[in-house]
Amino acid sequence: RQALEEMRALYERNQADVSEAKSGRTDLIFLIRFRHCCLLRNQRCLLAYLYDRLLRIRALRWEYGSVLPNTIQFHMSAEEVEWFNRYKKSLATYMRSVGGEEGLDLTQDIKPPKSLYIEVRCLRDHGEFEIDDGTTILLKKNSQHFLPRWKCEHLIRQGVLEHVLS
C-alpha cells in the first residue's frame, strides 16, 4: 500500500510537471524522466512481489491438498483465495483427464516412497477412513495404524496423521 501511495504521488507530480513542460519549461524534463523511472521500478517490484505470492499459493495446493487450513487462508486476500480455487479446479480437471477412468493423482507421491505401507499415529479425531479394499478404520486421537502410504499422505499433510518412524 505504501508503494502504491508513493506511485500515486509520483504520478500526480509528473502530471503537473508535464503540463508545465508543455508550456515551455524544459528544465523539468529530467525530473519527469527520473520520476517515471521510479514509477517503473516500483511497478517491477510490486509485480515481482505478487508473482512470488502466486508461486507460494500454488505450492500450498501441492503441500496441503485442495483444502487450506484456516490459519493460512486468513492471511490471503479474496483474489488470492479465488485464484487458489481456480488453480485447484484446473489441476483436478487435468488429473482426471490423465490416467484412465479414475484419473491420476499427481499430488500423491511428492517424494518417492521407500515402502508402500507406513505406520501412522492419529493426532486428532478424524472419524471413519475407508481403504480401497473396503476396510473402514476409525481414526481416533493417539491411535496407530499401518496404512497404504498413498491413501494417507493427504491426511499427513493436513496434520491429521503423523508418520511414526521406527
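Hydrophobic cluster membership differs between Ile156 and Tyr64, with clusters built from Ile, Leu, Val, Met, Phe, Trp and Tyr side chains linked at under 4.5 angstrom. Note: the hydrophobic cluster containing Ile131 also contains Leu139 (ILVMFWY, side chain heavy atoms under 4.5 Å, direct or indirect links). Cluster membership check: Ile137 does not share its hydrophobic cluster with Val164, using side-chain heavy-atom separations under 4.5 Å among Ile, Leu, Val, Met, Phe, Trp and Tyr. No chain of hydrophobic side-chain contacts below 4.5 Å, direct or via other Ile, Leu, Val, Met, Phe, Trp or Tyr residues, connects Leu50 to Leu54. Transitive grouping of hydrophobic side chains (ILVMFWY, heavy atoms separated by less than 4.5 Å) keeps Phe129 and Trp150 in distinct clusters.
Without hydrogens or angle criteria, Thr93 side chain to Lys89 main chain gives a donor-acceptor distance under 3.5 Å. Of the possible donor and acceptor atoms, one in the side chain of Ser97 sits under 3.5 Å from a partner among the backbone N and O of Tyr94.
Here the NZ-CG distance, from Lys151 to Leu116, works out to 14.5 Å after rounding to the nearest 0.5 Å. In this structure, Cys38 SG and Arg13 CZ are separated by 9.5 Å, a value rounded to the nearest 0.5 Å. Here the CE-CD distance, from Met76 to Glu82, works out to 11.0 Å after rounding to the nearest 0.5 Å. Summarising the geometry, atom NE2 belonging to His126 is positioned 10.5 Å from atom CG belonging to Leu138; distances are rounded to the nearest 0.5 Å. To the nearest 0.5 angstrom, Glu20 atom CD is 6.0 Å from Ser23 atom OG. Summarising the geometry, atom SG belonging to Cys37 is positioned 11.5 Å from atom CG belonging to Asn42; distances are rounded to the nearest 0.5 Å.
A salt bridge between Glu80 and Arg53 is present, with a side-chain N of the basic residue lying under 4.0 Å from a carboxylate O of the acidic one. A salt bridge does not link Arg25 to Asp17: none of the charged nitrogens lies less than 4.0 Å from a carboxylate oxygen.
Between Ile57 and Trp83 there is a side-chain heavy-atom pair separated by less than 4.5 Å. By the 4.5 Å heavy-atom criterion applied to side chains, Arg149 and Tyr117 are not counted as neighbours. Between Ser66 and Lys88 there is a side-chain heavy-atom pair separated by less than 4.5 Å. In this structure, Gln2 and Glu6 have side chains that are not in contact, with every pair of non-hydrogen atoms separated by 4.5 Å or more. Residues Arg61 and Phe84 meet the side-chain proximity criterion, which asks for heavy atoms closer than 4.5 Å. Between Leu147 and Ile118, every side-chain heavy-atom pair lies at or beyond the 4.5 Å cut-off. Proximity of Glu119 to His145: side-chain heavy atoms (C-beta onward) are nowhere separated by under 4.5 Å. Val120 is not listed as a side-chain neighbour of Gln144, based on a closest heavy-atom distance of 4.5 Å or more.
Annotation for Gln15: atom CD counts as buried by contact number, over 12 foreign heavy atoms lying within 6.0 Å. Around the NE2 atom of His163, the shell of radius 6.0 Å holds more than 12 heavy atoms that belong to other residues, nucleotides or ligands.
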Is there a side chain to side chain contact (heavy atoms under 4.5 Å, CB included) between Glu12 and Arg8? Walk through the geometry before answering. CA-CA 6 Å; Glu12 289 170 359; Arg8 189 173 295 118; 3.7 Å; yes

For side chain to side chain contact (heavy atoms under 4.5 Å, CB included), just list the numbers for Leu123 and Val160, CA-CA rounded to whole Å, side-chain angles, deciding distance to a tenth of an Å, and then say yes or no. CA-CA 5 Å; Leu123 299 175; Val160 174; over 6 Å; no

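Considering all non-hydrogen atoms of both residues, Leu161 and Cys152 come closest at CD1-CB, 3.6 Å. Here the closest non-hydrogen pair linking Glu130 and Gly134 is OE2-CA, 3.9 Å. Annotation for Lys140 and Cys122: closest pair O-CB, 3.0 Å, computed over non-hydrogen atoms.
Residues meeting the salt bridge (Lys or Arg N to Asp or Glu O under 4.0 Å) test with Asp52, sequence neighbours left out: Arg56.
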